[in-house]
Amino acid sequence: MKITGVKLYRHTAPYTAKYQSEDRSVGPLDVYDEYSQGIRTRGGKAAGKAGTGTLSAAFLSITTDEGVEGVHGPIEYRSQLLVAVENLAPHIIGRDPLENRMIWDILSRFDRHSRSGVMMMAISTIDIALWDLKGKILGQPVYKLLGGGRSRIRPYMSTLGFSVEPKRAAERALMVRDMGVKAQKWFFRYGPNDGTEGMRKNMALATTLRETLGPDYELMFDCWMGWTVSYAKTIFKDLEAVR
């Protein structure tokens with residue numbers, strides 16, 4: 001069996017403000033004023049108030065001469081990443097899809113910058129599609145091909161995209177809990193550039209969710225690389241009280 005085709009395709013879908021929060025998480029660029037306000041786009045730059053528009057993502061398909069297809073996606077529709085994937089694709093045509101470790105080695109030697117940044121993301125994109133392909137060829141779930149060992153996993157729900165206004169967040173958190181989900185991860189909206197007022201708002205979210213969900217419910221937060229070390233040390237002192 002050999003790889004005969006590698007295809008990138010784009011899928012778009014409309015969205016409305018009904019499904020998008022007017023809030024968002026803090027981000028690494030938020031230390032600069034021009035990035036810290038408004039709804040941030042996928043590329044990181046601040047945009048206007050949520051409304052209607054189109055969400056777009058790319059998918060990668062790898063096919064064999066026996067008609068088996070491996071797929072990975074969605075991939076963020078970033079031109080640099082997609083170009084990197086397209087440049088790597090010819091190097092896997094004609095190769096055995098089960099030899100994915102050798103393919104990884106070949107792709108990681110493709111360019112002297114292959115071991116970091118966009119090139120590593122591109123290699124990983126291909127690698128994940130190859131694992132999907134390998135599982136389908138062998139008729140096994142990928143977790144078993146990677147070593148297995150567990151028959152069950154304990155999931156949590158990420159709330160990215162939902163409002164972080166405390167009252168609305170509490171309503172959503174209860175709804176998620178009542179679905180039977182035993183752990184949730186929420187996203188802080190404010191960072192160092194927002195000063196003490198932003199820190200108080202972060203704490204208001206954390207405190208409200210803890211009070212809403214109870215002392216023993218598993219609760220997590222993500223600052224999305226948007227904090228400095230000193231900011232984290234300061235707020236951790238208060239966050240410790242809400243576990």
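These numbers were taken from a predicted model, which means no experiment stands behind them. Just so it is clear, the values below take in all heavy atoms, side chains as well, and ignore hydrogens, waters and symmetry mates.
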Does a side-chain heavy-atom distance below 4.5 Å link W186 with L209?
yes

K136: which residues meet the side chain to side chain donor-acceptor pair (under 3.5 Å) condition with it, sequence neighbours left out?
D132

So does M220 have more than 12 non-hydrogen atoms from other groups sitting under 6.0 Å from CE?
yes

Using a 4.5 Å cut-off on heavy atoms from C-beta on, say whether the side chain of R154 contacts that of E218.
yes

Let me confirm one number: the OG-CD distance from S61 to E69, rounded to the nearest 0.5 Å.
3.5 Å

Linking Ile, Leu, Val, Met, Phe, Trp and Tyr through side-chain heavy atoms less than 4.5 Å apart, which residues share a cluster with L174?
none

May I ask you to decide if M102's main-chain N or O and E99's side chain share a donor-acceptor pair within less than 3.5 Å?
no

Taking T207 for its side chain and A204 for its backbone only, find out whether a donor-acceptor pair lies under 3.5 Å.
no

What pairs with D238 under side chain to side chain contact (heavy atoms under 4.5 Å, CB included), at least two apart in sequence or on another chain?
M203

Calculate, to the nearest 0.5 Å, the distance between atoms OG1 and CD1 belonging to T4 and I62 respectively.
10.5 Å

Donor-acceptor under 3.5 Å (E66 side chain, V68 main chain)
no

Specify the closest pair of heavy atoms between L205 and F187, including all atoms of both residues, with the distance to one decimal.
CD2-O, 4.0 Å

Taking side chain to side chain donor-acceptor pair (under 3.5 Å) as the test, write out the residues that go with R150, two or more places apart.
none

Partners of I153 by side chain to side chain contact (heavy atoms under 4.5 Å, CB included), sequence neighbours excluded?
none

Y143: what forms a ring-ring contact (aromatic ring centres under 6.0 Å, His included) with it, not counting sequence neighbours?
none

Quick one: side chain to side chain contact (heavy atoms under 4.5 Å, CB included) partners of Y217, sequence neighbours excluded?
R177, V181, Q184, R210, L213

When every non-hydrogen atom of K233 is compared with those of K237, the smallest separation belongs to O-CG, 3.6 Å

What is the distance from atom CG of D65 to atom CD1 of I3, rounded to the nearest 0.5 Å?
10.0 Å

CG of D105 to CG of N100: how many Å apart, nearest 0.5 Å?
12.0 Å

Residues in side chain to side chain donor-acceptor pair (under 3.5 Å) with E211, at least two apart?
none

Determine whether L8 and F59 make a side-chain contact, defined as any pair of heavy atoms from C-beta on separated by less than 4.5 Å.
no

For A232, side chain to side chain contact (heavy atoms under 4.5 Å, CB included) partners two or more places apart:
W227, F236

Would you give me the side-chain donor-acceptor pairs under 3.5 Å for residues 119-126, sequence neighbours excluded?
{"residue": "S124", "atom": "OG", "partner": "M120", "partner atom": "O", "Å": "2.9"}
{"residue": "T125", "atom": "OG1", "partner": "M121", "partner atom": "O", "Å": "2.9"}

Considering non-hydrogen atoms only, spot the tightest contact between A183 and P155 and give its length.
CB-O, 4.3 Å

Is there a side-chain contact between R10 and S56 (heavy atoms, below 4.5 Å)?
yes

Answer yes if the side chains of D194 and Y231 hold a donor-acceptor pair under 3.5 Å, and no otherwise.
no

For residues K2 and T64, determine if any side-chain heavy atom of one lies less than 4.5 Å from a side-chain heavy atom of the other.
no

With sequence neighbours excluded, what pairs up with T63 under the side chain to side chain donor-acceptor pair (under 3.5 Å) test?
none

For the residue pair T159 and K185, establish whether any side-chain heavy-atom pair is separated by less than 4.5 Å.
no

Validation: residues 87-95 side-chain donor-acceptor distances under 3.5 Å, sequence neighbours left out:
{"residue": "N87", "atom": "ND2", "partner": "V83", "partner atom": "O", "Å": "3.4"}
{"residue": "R95", "atom": "NE", "partner": "H91", "partner atom": "O", "Å": "2.8"}

Closest approach of L130 and P97, non-hydrogen atoms and distance?
CD2-O, 4.4 Å

What is the ring orientation for F188 with F221, classed by angle as parallel under 30°, tilted 30 to 60°, or perpendicular over 60°?
parallel

